[in-house]
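Here the structure comes first, spelled out in structure tokens, and everything after it is commentary.
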Amino acid sequence: MGIDRYERLLALMAQARISFCLDTPEAIRAASDFFAARGRQAEVLLEVDTGFGRTGVRWDDARRWWTAPD
């Protein structure tokens, strides 16, 4: 996802409850930075690779890059 898509999602969030999927730590950080800078929270679904190597963050890798907000 890029800034253009985040801008469209931000506009839609004023009209409806929006959630979207992300599948890499970099995408999660980018979305977090974008929405936080605008004082908004986004509902994000994290895609997790459960061991088949298809898509998402590896299930056993999550603790290495994710820290929960305070």
For residues 8-23, please give each side-chain donor-acceptor pair under 3.5 Å, one per line with the distance, not counting sequence neighbours.
{"unit_1": "R17", "atom_1": "NE", "unit_2": "E43", "atom_2": "OE1", "d": "3.2"}
{"unit_1": "R17", "atom_1": "NE", "unit_2": "E43", "atom_2": "OE2", "d": "2.9"}
{"unit_1": "R17", "atom_1": "NH2", "unit_2": "E43", "atom_2": "OE1", "d": "3.1"}
{"unit_1": "D23", "atom_1": "OD2", "unit_2": "T55", "atom_2": "OG1", "d": "3.3"}

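- Nearest heavy-atom pair across A27 and Y6 is O-OH, 3.5 Å.
- Once rounded to the nearest 0.5 Å, the distance linking CD1 of I28 with CG of D33 reads 12.0 Å.
- Here E7 pairs with R38 under the salt bridge (Lys or Arg N to Asp or Glu O under 4.0 Å) rule; sequence neighbours left out.
- By the 6.0 Å contact criterion, CD on E47 is enclosed, its count of non-hydrogen atoms from other residues, nucleotides or ligands being greater than 12.
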